[in-house]
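Presented below is the structure to which this report refers.
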Amino acid sequence: MNPLIALLSILASTAASAPPVIVQASDFDWSYLPQLRERGYDHLSSKVMERLHEIASQGQCQLTGFAGNRLDFRISFAAQFDSDGKVLRILIPKLNCPEAEGIVGGALLEMTRHGDYRPTGKNPDGWYRGRFTFGFEGKFSPKSRS
């Protein structure tokens, strides 16, 4: 058997057995939840930052923190983990922009799955709050010149 096909088969069976993680935009107040342990942004793709900057700079959606050619993105979020530390659910604030919500939710899912955010064990229900922040300055575009 081709090694690549074998690897893909193993990955597919592993992914199929894991319960799906729910990622949802919500107006829920999670400020009272204990803080997640933040271990860095090792799994935040520059493509995520660039795409959110594009969405804001092209006027597709209004994202808070966008001014001039810079996006200073800052949100809080909530995440629920099982007793083994695996993420079960992620809640992000409503951004009134489905594409941006999907991008942010996907980035946080990737980051929590790989340990950039970890529970501390202080909440028996598994719910915690975290902060997701980054700054991104876009490339100069001649179209934006007055």
Side-chain angles (χ1 to χ4, degrees), residues 7-146:
L7 176 62
L8 291 174
S9 297
I10 292 168
L11 291 174
S13 66
T14 303
S17 64
V21 176
I22 297 169
V23 180
Q24 181 176 16
S26 173
D27 288 330
F28 184 74
D29 175 20
W30 46 76
S31 62
Y32 65 92
L33 295 174
Q35 187 73 34
L36 278 168
R37 181 176 300 132
E38 297 177 22
R39 298 187 51 142
Y41 280 33
D42 293 340
H43 297 92
L44 175 60
S45 166
S46 61
K47 291 179 183 180
V48 166
M49 296 182 285
E50 185 175 359
R51 183 62 190 131
L52 288 171
H53 182 274
E54 284 176 8
I55 288 170
S57 65
Q58 294 173 355
Q60 289 177 255
C61 301
Q62 292 184 5
L63 297 179
T64 58
F66 180 74
N69 200 27
R70 182 162 176 82
L71 176 61
D72 288 313
F73 194 77
R74 301 177 191 292
I75 64 163
S76 64
F77 68 95
Q80 183 182 29
F81 295 83
D82 68 11
S83 59
D84 294 328
K86 292 180 185 158
V87 65
L88 300 172
R89 190 169 186 173
I90 297 173
L91 301 177
I92 63 170
K94 288 185 179 179
L95 303 174
N96 298 318
C97 184
E99 184 177 1
E101 290 169 357
I103 292 167
V104 170
L108 287 170
L109 177 59
E110 183 76 9
M111 294 171 76
T112 54
R113 279 187 171 159
H114 287 94
D116 292 350
Y117 296 102
R118 292 183 184 224
T120 62
K122 292 182 180 178
N123 190 348
D125 294 332
W127 280 103
Y128 297 86
R129 66 183 157 90
R131 294 171 304 192
F132 179 59
T133 65
F134 67 83
F136 185 88
E137 190 160 345
K139 299 173 186 167
F140 175 76
S141 170
K143 295 177 189 175
S144 63
R145 189 177 223 180
S146 313

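If you're wondering where the values come from, they're calculated on a predicted model, not measured in any experiment.
Between the D82 side chain and the D84 main chain, a donor and an acceptor come within less than 3.5 Å of each other. Under a 3.5 Å cut-off, the side chain of E137 and the backbone N or O of N69 do not form any donor-acceptor pair. With hydrogens and angles ignored, the 3.5 Å screen pairs no side-chain donor or acceptor of Y128 with any backbone N or O of R118. Side-chain N or O atoms of R129 include one that pairs as donor or acceptor with a backbone N or O of L33 at under 3.5 Å. Distance alone, capped at 3.5 Å, is enough to place a donor-acceptor pair between the E101 side chain and the L95 backbone.
Here the CG atom belonging to L108 is positioned 12.0 Å from the CZ atom belonging to R113, to the nearest 0.5 angstrom. Between atom CG of residue D125 and atom CZ of residue F81 there is a gap of 14.0 Å, rounded to the nearest 0.5 Å. With rounding to the nearest 0.5 Å, the separation of CG in L91 from CG in D29 is 11.5 Å. In this structure, the separation between CG on N123 and CG on L36 is 10.0 Å, given to the nearest 0.5 Å. Atom CD1 of I92 and atom CD of Q24 lie 9.5 Å apart (nearest 0.5 Å).
Between F132 and F134, the angle of the ring planes goes over 60°, which puts this pair in the perpendicular group of the 30/60° scheme. Ring-plane geometry between H53 and F66 is classed as perpendicular, the angle between the planes exceeding 60 degrees on a 0 to 90 degree scale with a lower cut at 30. In this structure, Y117 and F77 have perpendicular ring planes: the angle between them is above 60°, well past the 30° mark.
Contact between I55 and C97 at its shortest, heavy atoms only, is CG2-SG, 4.0 Å. The two residues A107 and L44 come nearest to each other via the heavy atoms CB-CD1, 4.3 Å. What you find for A25 and P93 is that their closest heavy atoms are CB-O, 4.3 Å. Nearest approach of L63 to A100, heavy atoms of both residues: CD2-CB, 4.0 Å. Considering every non-hydrogen atom in both G85 and P119, the closest pair reads CA-CG, 4.2 Å.
The neighbour count for R70 CZ, taken as heavy atoms of other residues, nucleotides or ligands under 6.0 Å away, is above 12.
Take E99 and apply the salt bridge (charged side-chain N to carboxylate O under 4.0 Å, His left out) test, not counting sequence neighbours, and it matches R51. Applying the side chain to side chain donor-acceptor pair (under 3.5 Å) rule to E38 yields the partners Q35, R131; only residues at least two apart in sequence or on another chain are considered.
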Go through it in stages, so that I can follow the logic: the residues are V48 and F136, the test is side-chain contact (heavy atoms from CB on, under 4.5 Å), and I'd like the CA-CA distance, side-chain angles, deciding distance and then a yes or no. CA-CA 10 Å; V48 166; F136 185 88; over 6 Å; no

